[in-house]
Amino acid sequence: MSRDILSMTFEEMSAAFSEMGIQKFRAKQIYEWLHRHLACDYSEMLNIPKSLRDTLSENFPLYNCEIERKQVSKIDGTVKYLFRLHDGDFVESVVMKYKYGYTICVSSQVGCKMGCAFCASTLGGFKRSLYAGEILSQLYRAQKDLGERISHIVLMGMGEPLDNFDSGMRFLALISDEKGLNISMRNISLSTCGIVPKIEDLLNKKMQLTLSISLHAPSNELRSKIMPINKKYDVDELLGMCRRYASETSRRISFEYSMLSGVNDSDECARLLASKLKGMLCHVNLIPVNEVAESPFKPSTPDRIEKFVSILSSNGINVTVRRTLGSDIDASCGQLRLKENQKHKKGDD
Ligand code: SAH
């Protein structure tokens, strides 16, 4: 049975090698090549005999991402990668520079099933979930390409990470492994549209990561219109789980709220949101919606956003407006893949 090597833990690799009669110290070497030196291919592992490299590549394929396209924002230096996976599918990652270091936004699936009305990932259709190694590889390739250490991660690119739970958890274990890049869980955020039972599974793992919830509307009537997942797990069920999460982990929940002009940006929405979040250890991140050509939503005006902020703050809710980074390079999730797929459909290159 062939196994994707980049998704294997050190223990799994050691066990698989020993079953094949490969010496024990080789697992340590290979693991370091992959997760410390960020090797893209077995041919780079020069202290491993060629015959062993051949055996390994036959039995343990290395599913690395290749850079298909790279765009750098002239405005703020944000870098967007379109990566080609081993089977020809595409995913996107974005690297942003903040005062505290470089942050990468990685994808967890090729496309998305969740159907949020304003999101380009959904428009491109769902293809498949990524392996843990393919999520890692986005970071490894970007770090190598930039020659800069990436210290923070947001699982906020294409796809719904809690719809790919096991690979997501495996990714977290590998990226925070001290034998690898050893990124602290405190520097990692996971964003979900609100799959409540999976949030509970995450809670039971008692990890120190930051949970982000894509809320975008305070009432069921409105949320169900723009986010189909709300018909399965409604606002109150979701917020109930968030309260439990915050109190049991003592970690502040981050609520994402895309401001859609005339849809979810009224004073009434702000008041209802404030009342529903009252007393919870949380923070609201307002994001002027990124316009996607195929969807009808427009960003709220700065005045509207300011009023929304003032209602939340005067009700004691922590709130910030997210800076828009990479607006000149289609840095909103799913936009590049959508363009790439359309290009391939049209048959030009
Ligand atoms: N599926 C996960 C993570 C991926 S989406 C989730 O739903 O959280 C990452 C974030 O970008 C989510 O908050 C999502 O709602 C938001 N988003 C998607 N399309 C957007 C757009 N066009 N403008 C602004 N935010 C968008």
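Excluded from the calculations below are hydrogen atoms, water molecules and symmetry mates; all remaining heavy atoms, backbone and side chain alike, are included. Whatever order the structure lists ligands and atoms in, that order sets their numbers, starting from 1.
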(request) Give yes if a backbone or side-chain nitrogen or oxygen of Glu256 is under 3.5 Å from a nitrogen or oxygen of ligand 1, and no if not. (result) no

(message) Please report whether ligand 1 has a polar contact with Cys119, defined as an N or O pair separated by less than 3.5 Å (distance criterion only).
(response) no

Between ligand 1 and [X], can you find any atom pair, the residue atom being a heavy atom, that is separated by under 4.0 Å?
X      : result
Gly159 : yes
Gly157 : yes
Ser258 : yes
Glu291 : no

(request) Would you mind finding which of Cys116, Ser107, Ser191 brings a heavy atom closest to atom 2 (C) of ligand 1? (result) Ser191

(request) Run down the list Met227, His216, Met156 and name the one with the heavy atom closest to atom 14 (C) of ligand 1. (result) His216

Donor-acceptor check, side chain of [X] to backbone of [Y], threshold 3.5 angstrom: yes or no?
X      : Y      : value
Arg170 : Ser7   : yes
Asp265 : Ile305 : no
Glu200 : Val196 : no

(request) Would you mind listing which atoms of ligand 1 come within a distance below 4.0 Å of any non-hydrogen atom of Asn290? (result) 21 (C), 22 (N), 23 (N), 24 (C)

(request) Would you kindly say whether Ser43 and Arg53 are connected by a side-chain donor-acceptor distance under 3.5 Å? (result) no

(message) For a quick check under 3.5 Å, do Glu160 and Thr192 share a side-chain donor-acceptor pair by atom type?
(response) yes

(request) Of the side chain and backbone of Thr192, name the one, both, or neither that has a heavy atom under 4.0 Å from an atom of ligand 1. (result) backbone

(request) Would you kindly specify which portion of Glu160 sits under 4.0 Å from ligand 1, judged on non-hydrogen atoms: side chain, backbone, both or neither? (result) both

(request) Would you please classify the geometry between the Tyr31 ring and the Phe10 ring as parallel, tilted or perpendicular, with 30° and 60° separating the classes? (result) perpendicular

(request) Identify whether the distance between the nearest side-chain nitrogen and carboxylate oxygen of Glu291 and Lys298 falls below 4.0 Å. (result) yes

(request) Compute the centroid of each ring, for Phe118 and then for His216, and state whether the two points are separated by less than 6.0 Å. (result) yes

